[in-house]
2 protein chains.
Amino acid sequence: MSRWPDRLRDMTTSSTRNASSSSSRSGSYHHGDLRKALVNEAVRIIREEGEKALSMRKLALNIGVSRTASYHYFADKQALLCAIAEEGFRRFNVMLSEVHHAGQRPPSAKSMRDFVAGYVQFATEQTEYYDLMFGGHIWESRTSTDSLREESHNSFRNYVSSVRSWQENGLISDKVDALRFSQVSWSTLHGISRLIIDGIYVDSAAIEPICENAAEMFWRELEP
Amino acid sequence: MSRWPDRLRDMTTSSTRNASSSSSRSGSYHHGDLRKALVNEAVRIIREEGEKALSMRKLALNIGVSRTASYHYFADKQALLCAIAEEGFRRFNVMLSEVHHAGQRPPSAKSMRDFVAGYVQFATEQTEYYDLMFGGHIWESRTSTDSLREESHNSFRNYVSSVRSWQENGLISDKVDALRFSQVSWSTLHGISRLIIDGIYVDSAAIEPICENAAEMFWRELEP
DNA sequence: GATATTGTCTTGACACTGTCAAAATGCGTA
DNA sequence: TACGCATTTTGACAGTGTCAAGACAATATC
């Protein structure tokens, strides 16, 4: 049924405790953990109603707090979105390292196919996060938090070192420059993901073969 | 200085005649060609101030016409954006066929490198159009015009047939499926473009080698 | 326990946005 | 001249992000 290995499923479930409906501490003036509640509800809105449907006012009102309460935790809407993106990168890194550790040692061709599948699955199933993580809004130089930049650089660094390890194990020709290879292949994954997410590649039956072809084209040389 | 062949430069200059400053027909009530003026000014705003800075009101007021005048030509903001995207695809197709016809016959490896360069150049220099052409907003099923869909399908069809011709000339192995190859390589170009546009790949000196590596990785087999 | 300080949230306000409905204006034609 | 039509305007409504002041609660200090 599903295109994806089961291992990669269900990163969707929220990781928060019972936390903080608007009446949790029964009528207390202060909200239990407003910051977390804001992020959670924002993610929920984006996932279920689309990013466009997220407004600071509706968000606050949904939680049961007044219009501008959020501004005590986030300087502006952008800052909220950055926080979500950061959380996205954290989940993304978790997924990557799971894929990495679940593969056989030494890494095989399957490791790389799993990576492709994992990436595209994350992008297309956790769109709430992926859109923000790689959306342009957040990357205009000074709007993005330092911690966000760091978390994202980690992602890419990890990937480059994966590539190096594939190279050391003879899965990728060691003639190619690891950095360039990483940039180009990452671009491919990002491109596939975006074209699917944005509804340009619509035939969902084609997704799997596209992914397989991508893996094959990049790592063709490994099959003799 | 520039990364790009001169042939590909200067598609930026507007293709409209002297047309229609707000006082062109000296005080006439009707605007000469409001529809065109709207599109032009919208493109200008997006290019110079960013898509976010485009509002229907400011747009109309800039042109010297009142807030809602635009709604006589465009059902809503979305429709305006679709019109721009469509124009973008038209320019894009022109660029593609220029690249195609400028190459040697029969097509060589250089043809393909030119295609990569042309694509990424278009995307990064005519961002006003590219963002709309491949932005998600426009592709949610019923917001996109039929003519837009057609113009865009043309682009892709042309590309697939380029790939086929490269295949016939032995530039690409004829073992690979032309459609899949097109989808994946298009994804790569789109991915590279987006990562540059969105400011994630920031080192502009790296762009050229990235493009070259992309071309090389996809069409590796042609060099013996 | 009373008081001051700080962190948290609310109210009011402003300048914007997209878009609808109805009215006004100009132009070509009968 | 008057009619009809395409074009543009005015008025209005609901919604947005965000700032500045104030109101309230919890905590620290005396």
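Proteins get letters first, then strands, A, B, ... in listed order; numbering begins at 1 in each. Only this structure's heavy atoms are used, side chains among them; waters, hydrogens and symmetry mates stay out.
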* Listed nucleotide nearest any side-chain atom of B:V65, set D:dT9, C:dT17, D:dT18 -> D:dT9
* Structure fact -> Rounded to whole Å, CG of B:L61 lies from C1' of C:dC16 at a distance of 12 Å
* Has the side chain of B:T68 got a donor or acceptor atom sitting under 3.5 Å from an opposite partner on the base of D:dT10? -> yes
* **Between C:dG18 (P) and B:L81 (CG): distance, integer Å** => 10 Å
* Taking the side chain of B:D76 as its heavy atoms from C-beta onward, which of D:dT8, C:dT10, C:dT19 lies nearest to it? -> C:dT19
* **Distance, rounded to the nearest Å, where A:K77 contributes NZ and D:dT16 contributes C1'** => 8 Å
* To do: Consider the side chain of A:R67, meaning its heavy atoms from C-beta on, and name the nucleotide among C:dT19, C:dG12, D:dT18 that approaches it most closely.
  => C:dG12
* To do: From the options D:dT8, C:dG12, C:dG7, select the nucleotide whose nearest atom is closest to the side chain of B:H72.
  => D:dT8
* Roughly how many Å is it from CG in A:N62 to P in D:dG15, rounded to a whole number? -> 13 Å
* Structure fact -> Taking for A:A69 and for A:R57 the nucleotide of DNA chain C with the nearest heavy atom, the one nearer the 5' end belongs to A:A69
* To do: Write down the distance between NZ (B:K58) and P (C:dG18), rounded to a whole number of angstrom.
  => 10 Å
* Should A:R91 and A:E128 count as an ion pair when the cut-off is N to O under 4.0 Å? -> no
* Interatomic distance, B:L54 CG vs C:dG18 P [rounded to whole Å] -> 7 Å
* Asked: Any side-chain N or O of B:Y73 under 4.0 Å from OP1/OP2 of D:dA6?
  -> no
* Structure fact -> Testing D:dG11, C:dG18, C:dT10 for proximity to the side chain of B:S55, the answer is C:dG18
* Structure fact -> side-chain contact (heavy atoms from CB on, under 4.5 Å) filter on B:R57, not counting sequence neighbours, yields B:S55, B:R67
* Look at the rings of A:F115 and A:Y159 and say which category their plane angle falls in: under 30° parallel, 30 to 60° tilted, over 60° perpendicular. => parallel
* Between D:dT16 (P) and A:K52 (NZ): distance, integer Å -> 12 Å
* Structure fact -> side-chain contact (heavy atoms from CB on, under 4.5 Å) filter on B:S155, not counting sequence neighbours, yields B:F89, B:F92, B:N93, B:W186
* Asked: Between atom CD1 in B:I45 and atom C1' in C:dT17, what is the gap in whole Å?
  -> 14 Å
* Full working for ring-ring contact (aromatic ring centres under 6.0 Å, His included) between A:Y129 and A:F122 -> CA-CA 9 Å; A:Y129 293 111; A:F122 183 93; 7.1 Å; no
